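What follows is one structure encoded as structure tokens, with my remarks underneath.
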Amino acid sequence: MRSPAEKKPQVIIIGAGFGGLEAAKKLACKDVSLTVIDRTNYHLFQPLLYQVATAALSPADIAAPVRAILSKCRNVEVILAEVESVDVESRKVKTNDMVFDYDFLILATGARHSYFGHDEWEKLAPGLKSLEDAVELRRRILLAFEFAEKTTDEAARKTAMTFVIIGGGPTGVEMAGAIAEISRHTLAKDFRRIDPSQAQVILIEGAPRLLAAYPEDLSESARKQLVQLEVQVRTNARVTNITEAGVQMDGEFIPCRVRIWAAGNNASSVGKTLDAPADRVGRVIVNDDLTIPGHPEVQVIGDLANFSHQNRTALPGISPVAMQQGRHAARNILRMIRGQQPQRFRYFDKGTMATIGRNKAVADLKFFHLSGFPAWLAWLFVHIIFLVGFRNRLLVLIQWAWAYLTFDKGARLITRNFQSEHRPPA
């Protein structure tokens, strides 16, 4: 005999990012059996990854365990696993070591970097999508200064202190501003043989302007604020090759030790297993209710979804979109359980913002635009509010206040993967 719990509709959410977690919160403590599957055991606040990469915050400050977030409701099970495929005909989710049956599925596996056919560039120019990416970039940035401190070769020193960011979207702009600040303020007194403030930060963007999705006045404001931080902004510039020695762009070669990729995304490969229509970057083309054609029990949200039913263009891959879609997908499941039709999704755009540095930011709030200190305050408030967990909010606020008053960033740790290194016997 089956227990009452087994008779509940089985709902599976793949991915505990912004969209998946919002959906899980909506379905927690409801009359469903909910399973959340993710490749990591934590929810990551991706908008602050660049602060981990530039030593302003530690990894634990922007991550929270998924089990702890959802622990209050007994109908929720959290599984740590890598999802390999989804069989929509038999309604099964296959991981690397388990198979799960579902009645309803929310797919929110996000996206990874796209190198436009040059996958060999990934090791040379890492992107910024995970905690591992951020810690690796922090290691490379700090090691560059350490190498410059040791070398007696002036050309090698200049190369080590040249940082190239490829891509002028929000991630690229934020990374460029943060590296400029850490070199000119935080590290200024740490070294004896070099002057970190002489570091070159170069931001390369193929389009005519930075932050192409923002209004032109904010794009120009962002450029001016970066220039104030002595960032070299190169627009209408196309990268043609990346090597160990540097970056080749439009007839010019830039010798550099640290290269950061912020130029494109590809949707998670799990979406391909749905056998549903997809766009050129692998995003699943969803119906206006977030379901896929022929399978109303399957909804795709966040960076993995191409939703273009509202403005004839796909919604951007940003956290507010994913969060609203996650809540909507959960409501749709509860409706379908009651025998009702899923409702059409409509995104309410509250605006976008990007930070550039201390007292520097831009914010498109739809009805008005902000730049500089007011935009920075708005950015600060929004990001503190949306951090998961009171502890994280308090710690981040304290660290930001300390960094603002002292210019000191306390997470300047160079970490290594000791398991992959050769060490002499004890």
Side-chain angles (χ1 to χ4, degrees), residues 17-18 40 42-64 126-145 163 165 167-188 190 196 199 201 203 211 222 225-226 229 231 258 260-262 318-319 352-363 373 375-389 391-415:
F18 285 105
T40 67
Y42 54 83
H43 167 75
L44 177 64
F45 194 78
Q46 279 191 328
L48 293 181
L49 267 177
Y50 83 96
Q51 295 219 352
V52 174
T54 54
L57 296 174
S58 296
D61 296 333
I62 65 167
L128 190 59
K129 288 289 187 182
S130 67
L131 276 181
E132 291 80 6
D133 294 336
V135 172
E136 173 62 16
L137 283 175
R138 182 181 69 183
R139 186 183 73 85
R140 294 190 185 197
I141 292 168
L142 296 178
L143 276 177
F145 287 103
F163 303 87
I165 300 96
T171 299
V173 167
E174 290 170 347
M175 280 299 299
I179 294 175
E181 282 206 331
I182 193 176
S183 62
R184 284 152 180 73
H185 299 294
T186 307
L187 300 179
D190 285 3
V201 182
L203 177 60
L211 301 175
Q225 292 179 71
L226 283 169
L229 289 171
V231 174
V258 176
I260 300 170
W261 187 264
I318 56 179
S319 55
T352 53
M353 54 185 64
T355 184
I356 297 161
R358 178 188 175 94
N359 299 338
K360 293 177 172 61
V362 291
F373 183 66
W376 182 78
L377 281 180
W379 177 91
L380 188 79
F381 174 77
V382 167
H383 284 72
I384 286 292
I385 289 296
F386 283 104
L387 265 175
V388 175
R391 171 188 172 276
N392 292 47
R393 293 191 189 104
L394 183 60
L395 285 178
V396 170
L397 185 60
I398 292 171
Q399 290 182 74
W400 278 349
W402 178 255
Y404 185 85
L405 294 172
T406 66
F407 288 98
D408 183 32
K409 297 185 177 183
R412 302 194 300 277
L413 308 179
I414 299 174
T415 55

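Heavy-atom basis, side chains included; hydrogens, waters and symmetry copies ignored. Bear in mind that the values here come from a model prediction, so they are computed numbers and not experimental data.
- In this structure the side chain of Arg138 reaches within 4.5 angstrom of the side chain of Pro59, judged on heavy atoms.
- For Glu174, there are no side-chain hydrogen bond (donor to acceptor under 3.5 Å, both in side chains) partners at least two apart in sequence or on another chain.
- Side chain of Ser58 to backbone of Ala60: no donor-acceptor contact under 3.5 angstrom is found.
- Distance NE2/His383 to CD1/Ile62: 10.5 Å, rounded to 0.5 Å.
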Requested in this report: Apply the test side chain to side chain contact (heavy atoms under 4.5 Å, CB included) to residues Tyr50 and Thr355: give CA-CA distance (whole Å), side-chain angles for both, the deciding distance (0.1 Å), then the verdict.
Outcome: CA-CA 11 Å; Tyr50 83 96; Thr355 184; 2.8 Å; yes

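- A pairwise comparison of heavy atoms in Ile260 and Val258 identifies CG1-CG1, 4.1 Å as the closest pair.
- Residue Leu131 comes nearest to Ala63 through the heavy atom pair CD1-CB, 4.2 Å, listed as atom of the first residue, atom of the second, then distance.
- Between the Ser130 side chain and the Asp133 main chain, a donor and an acceptor come within less than 3.5 Å of each other.
- Pairing each heavy atom of Leu128 with each of Ala134, the nearest pair is CD1-CA, 3.6 Å.
- Taking 4.5 Å as the limit, some side-chain heavy atom of Pro170 sits within range of a side-chain heavy atom of Leu211.
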**Report entry** Pair His43-Phe18, side chain to side chain contact (heavy atoms under 4.5 Å, CB included): steps then yes or no
**Finding:** CA-CA 8 Å; His43 167 75; Phe18 285 105; 4.1 Å; yes

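- A distance of 12.0 Å separates CD1 in Ile179 from OG1 in Thr186, rounded to the nearest 0.5 Å.
- Residues passing the ring-ring contact (aromatic ring centres under 6.0 Å, His included) test with Phe163, sequence neighbours excluded: Phe145.
- Partner of Met175 under the side chain to side chain contact (heavy atoms under 4.5 Å, CB included) criterion, chosen from Thr54, Leu49, Val201: Thr54.
- Judged purely by atom type and a 3.5 angstrom limit, Gln46 uses its side chain to pair as donor or acceptor with the backbone of Lys129.
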Requested in this report: Step by step, work out the side chain to side chain contact (heavy atoms under 4.5 Å, CB included) result for Lys360 and Leu226.
Outcome: CA-CA 9 Å; Lys360 293 177 172 61; Leu226 283 169; over 6 Å; no

Requested in this report: Just do the side chain to side chain contact (heavy atoms under 4.5 Å, CB included) check on Arg184 and Leu229 with the steps written out, would you?
Outcome: CA-CA 9 Å; Arg184 284 152 180 73; Leu229 289 171; 5.6 Å; no

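- Remark: the backbone N or O of Glu181 is not paired with any side-chain donor or acceptor of His185 at under 3.5 angstrom.
- Closest approach of Val231 to Ala180, counting heavy atoms only: CG2-CB, 3.8 Å.
- To the nearest 0.5 angstrom, Thr415 atom OG1 is 7.5 Å from Arg139 atom CZ.
- Between Phe373 and Leu377, the closest side-chain pair of non-hydrogen atoms falls below 4.5 Å.
- The shortest side-chain heavy-atom distance between Met353 and Val382 falls under the 4.5 Å cut-off.
- Considering every non-hydrogen atom in both Arg358 and Trp376, the closest pair reads CA-NE1, 4.4 Å.
- Ala375 meets the side-chain contact (heavy atoms from CB on, under 4.5 Å) test with Ala361, Ala363, Leu370; sequence neighbours excluded.
- Residues Leu203 and Gly168 share a closest heavy-atom pair of CD1-CA, 4.3 Å.
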